[in-house]
Amino acid sequence: MAYQRARGTRDEFPDDLILIDRLERVARDLFRRYGAREIRTPFFEETRLFVRGLGEGSDVVSKEMFTVEREESSYTFRPEGTAGVVRAYVEKALHKTRPLQKLYYIGPMFRYEKPQGGRQRQFTQIGLEVLGSLDPLLDAEAIHLAASFFDEIGLSGVEARVNSMGDREDLEAFRGMLRAWAQPQLSARCEDCRMRFEKNVLRMLDCKVEQCRVLNASAPDILDALTPASRAHLDTVVSALRAVGRPVRVDPGIVRGFDYYTRTVFELHHPDLGARSAVCGGGRYDHLISELGGSDLGAVGFAIGLVPTIVALEKLGKAQIEIPRELDAFVCVLEGVPRQHGFVIVDALRNAGLAADLDHPEGAEGNARSLKAQMKSADRARARWAVMLGPDEQAASVVSVRNLESRTEAKVPQQPLATLHERIRGVGAA
RNA sequence: GUGGAUGUAGCUCAGUUGGUUAGAGCACCUGACUGUGGCUCAGGGGGUCGGGGGUUCAAAUCCCCUCAUCCACCCCA
């Protein structure tokens, strides 16, 4: 194999795109109903935007960035969508003129990490960012929208898990509580937990090792560390979701990896996905706008992973796609008739709005292939009609039209060419 | 980044204790069907056995390195 895809990338062929397009259409329609509009920001930004936005200590910034150094500048391919959208929002001064914005995006993200099933170095995210408000109903709306997406694409059984990380001060206080509580039991913990104790205490709560899970049962609850305002915020989100029939589970183990998250954080999981079960993640980020130079405004957002979603659909056997008939007419020109005549007919059909194609031999000599071979191509192209042009037809100024579905056949006059498509449509019409 | 598994035709896989020209099914092309697709039958094309190096009279098979994929971990969409 001379060349192969760069590690962690995929090619999406026409048949793959049938499903992908369907998912995108569902998402766009859902966004429309929620009043969100599309935004497209560059695939790369200045590196410092991500360092500032996601936090120097985050895994993504510390070891997963695709960075290009160019003279004095450093650029990084976006590892997530939020930082770029907030940067654009502030740069355009929307925080001053039209603060409340619901923006969505569908596009590629890049992270330099070890690929695994459902995890690539280039991957597509479908994301929403609602900027300019602290309203907990927007958190509920975002979660509901994301979960509805999975309902509508037919992926049942997705579970919404929410948690609150409080505001900055709540979180710092809680980290302190957690350290004080975990310190004496470090020797009884797994190696990873001892590392987490130093690096990110919160992650200890998410440990899967049995002995650690037992210890975690008596861990302090972040909900107890929340200020009354943060607590009320979470309660409002949960209650609003229940009011619209969206089941949610409050899960103190939900701890997200970017520094910008405050208060509400959530993930949508699919139980059949194994270790990589999250199909969507998001939360509130109430200081990022000001952090990046804007006003002090709240915001909430999420990102859905397209590949994990497709993987989940495949596991449920719901990823089969029906390949539609995309071609109307396939024109076969027989030996003895110049192929240019077929070219003219195809052109007339295309101008009339039909999807039409001509049979093309591999060689450049322009010899027509056998009718059998051309018919086979017509069948494989999933054409509705085969339009045949041989010496007999040419002499009578007609074409033979075969409806490949009903297997009925008729001869119709070639002229006038401008209305030939109507006569073709009549062959085998129900 | 850590640990483990895998890698033979376009696809799914056989390949006996290392032993001559590496096989099957599906797919593809051609023919039976001398102007007609899907079914059937017959024939045909297609492989540096992921790549490189080594051991050996001899390597798809044994050893080392490398690349890629998958699984678990870290983390995450």
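Below, read A as the first sequence line, B as the second, and so on, with proteins coming before strands; counting in each chain starts at 1. The figures here come from the full heavy-atom set of this structure, side chains too, leaving out hydrogens, waters and symmetry mates.
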TODO: Scan every strand shown for a Watson-Crick or G-U wobble partner of rA24(B), both distances under 3.5 Å, and answer none if you come up empty.
DONE: rU12(B)
- [ ] Select one nucleotide: of rC75(B), rC71(B), rU69(B), the one nearest the side-chain heavy atoms of Q116(A).
- [x] rC71(B)
- [ ] Answer yes if the ring centres of Y75(A) and F44(A) are under 6.0 angstrom apart, and no otherwise.
- [x] yes
Task: Separation of the P atoms in rU16(B) and rU56(B), to the nearest angstrom - done: 23 Å
- [ ] Using a heavy-atom cut-off of under 4.0 Å over every strand shown, decide if A303(A) touches base, sugar-phosphate, or nothing.
- [x] sugar-phosphate
Task: Under 3.5 Å on both distances, the Watson-Crick or G-U partner of rG43(B) - done: rC29(B)
Open item on the list: Please evaluate residues D357(A) and R350(A) with respect to the criterion salt bridge (charged side-chain N to carboxylate O under 4.0 Å, His left out), reporting the C-alpha separation (whole Å), side-chain torsions for both, the decisive distance (0.1 Å), and the verdict.
Closed with: CA-CA 9 Å; D357(A) 225 332; R350(A) 287 172 177 164; 3.4 Å; yes
Task: Pairwise C1' distance for rG15(B) and rG31(B), with rounding to whole Å - done: 32 Å
- [ ] Calculate the interatomic distance between M65(A) atom CE and rG1(B) atom P; express it in whole Å.
- [x] 17 Å
Open item on the list: With no hydrogens and no angle check, just 3.5 Å: does a side-chain donor-acceptor pair link S164(A) and T264(A)?
Closed with: no
TODO: Could you tell me whether G81(A) contacts a base, only the sugar-phosphate backbone, or nothing, with contacts defined as non-hydrogen atoms closer than 4.0 Å?
DONE: nothing
Task: Check: R402(A) side chain, rG37(B) base, donor-acceptor under 3.5 Å - done: yes
Open item on the list: Here's a test of your reading of the structure: between A6(A) and G281(A), which maps to the more 5' nucleotide of RNA chain B?
Closed with: A6(A)
- [ ] Could you check R161(A) against E159(A) for salt bridge (charged side-chain N to carboxylate O under 4.0 Å, His left out), going step by step and ending with a plain yes or no?
- [x] CA-CA 6 Å; R161(A) 302 180 193 167; E159(A) 184 188 58; 2.8 Å; yes
- [ ] Look at all strands and tell whether R7(A) reaches a base, only sugar-phosphate, or nothing, counting heavy atoms closer than 4.0 Å.
- [x] sugar-phosphate
Task: Among rA77(B), rA68(B), rG37(B), the nucleotide that comes nearest once only the side chain of Q4(A) is considered - done: rA68(B)
Open item on the list: Go through it in stages, so that I can follow the logic: the residues are R33(A) and E152(A), the test is salt bridge (charged side-chain N to carboxylate O under 4.0 Å, His left out), and I'd like the CA-CA distance, side-chain angles, deciding distance and then a yes or no.
Closed with: CA-CA 13 Å; R33(A) 287 185 270 151; E152(A) 296 195 7; 2.9 Å; yes
Open item on the list: I need the OH-P distance between Y105(A) and rA77(B), as an integer number of Å.
Closed with: 10 Å
TODO: Find the distance R111(A):CZ to rG1(B):C1' and express it as a whole number of Å.
DONE: 16 Å
TODO: Could you measure between the two C1' atoms, the one in rC41(B) and the one in rC33(B), and give it in whole Å?
DONE: 12 Å
Task: Separation between the P atoms of rA5(B) and rG52(B), rounded to whole Å - done: 24 Å
Task: Inter-nucleotide P distance (rU6(B), rG44(B)), Å rounded - done: 36 Å
- [ ] For rG46(B) and rU30(B), measure between their P atoms and round to the nearest Å.
- [x] 16 Å
Open item on the list: Without decimals, in angstroms, what is the distance between K376(A) NZ and rG35(B) C1'?
Closed with: 17 Å
- [ ] Let me see the working for E69(A) and T47(A) under side chain to side chain contact (heavy atoms under 4.5 Å, CB included), right down to the final yes or no.
- [x] CA-CA 9 Å; E69(A) 308 286 350; T47(A) 299; 5.6 Å; no
Open item on the list: Whether the side chain of K114(A) and the base of rU2(B) hold a donor-acceptor pair under 3.5 Å is what I'd like checked.
Closed with: yes
Open item on the list: Distance criterion of 3.5 Å, no angle test: do you see the side chain of Q374(A) paired donor-to-acceptor with the base of rU36(B)?
Closed with: no
Open item on the list: Has H270(A) got a side-chain atom pairing as donor or acceptor with S156(A)'s backbone, closer than 3.5 angstrom?
Closed with: yes
Task: Spacing between E409(A) atom CD and rU36(B) atom P, to the nearest angstrom - done: 10 Å
Task: Pairing nucleotide - rC70(B), Watson-Crick or G-U, each distance under 3.5 Å - done: rG4(B)
Open item on the list: Less than 4.0 angstrom between a side-chain N/O of R256(A) and OP1 or OP2 of rA77(B), yes or no?
Closed with: yes
- [ ] Measure distances between side-chain N and O atoms of E393(A) and base N and O atoms of rG35(B), and say whether any donor-acceptor pair falls under 3.5 Å.
- [x] yes
TODO: Could you check how far CD1 of I153(A) sits from P of rA77(B), rounded to whole Å?
DONE: 17 Å
- [ ] Nearest whole angstrom, please: distance from the P of rU36(B) to the NZ of K372(A).
- [x] 8 Å
Open item on the list: Return the OG1 to CG distance between T309(A) and L268(A), rounded to the nearest 0.5 Å.
Closed with: 9.5 Å
Open item on the list: Using a 4.0 Å heavy-atom cut-off, does M109(A) contact any base of the nucleic acid, only the sugar-phosphate backbone, or nothing at all?
Closed with: nothing
- [ ] Can you tell me, in whole Å, how much space there is between the P of rG10(B) and that of rC73(B)?
- [x] 35 Å
- [ ] Tell whether Q122(A) reaches the base of rA77(B) with its side chain through a donor-acceptor pair below 3.5 angstrom.
- [x] no
Open item on the list: Measure CE/M204(A) against P/rC74(B) and give the value in whole Å, please.
Closed with: 13 Å
Open item on the list: Classify E80(A) by what it touches in the nucleic acid, base, sugar-phosphate, or nothing, heavy-atom distance under 4.0 Å.
Closed with: nothing
Open item on the list: Between rA42(B) and rG47(B), how far apart are the two P atoms, rounded to whole Å?
Closed with: 24 Å
Open item on the list: Does a side-chain N or O of R380(A) approach OP1 or OP2 of rC29(B) to a distance below 4.0 Å, or not?
Closed with: yes
- [ ] Report the residue (D379(A) or V255(A)) whose heavy-atom-nearest nucleotide on RNA chain B is the more 5′ of the two.
- [x] D379(A)
- [ ] Compare side-chain N and O positions of Q120(A) against OP1 and OP2 of rA77(B) and report whether any pair is under 4.0 Å apart.
- [x] no
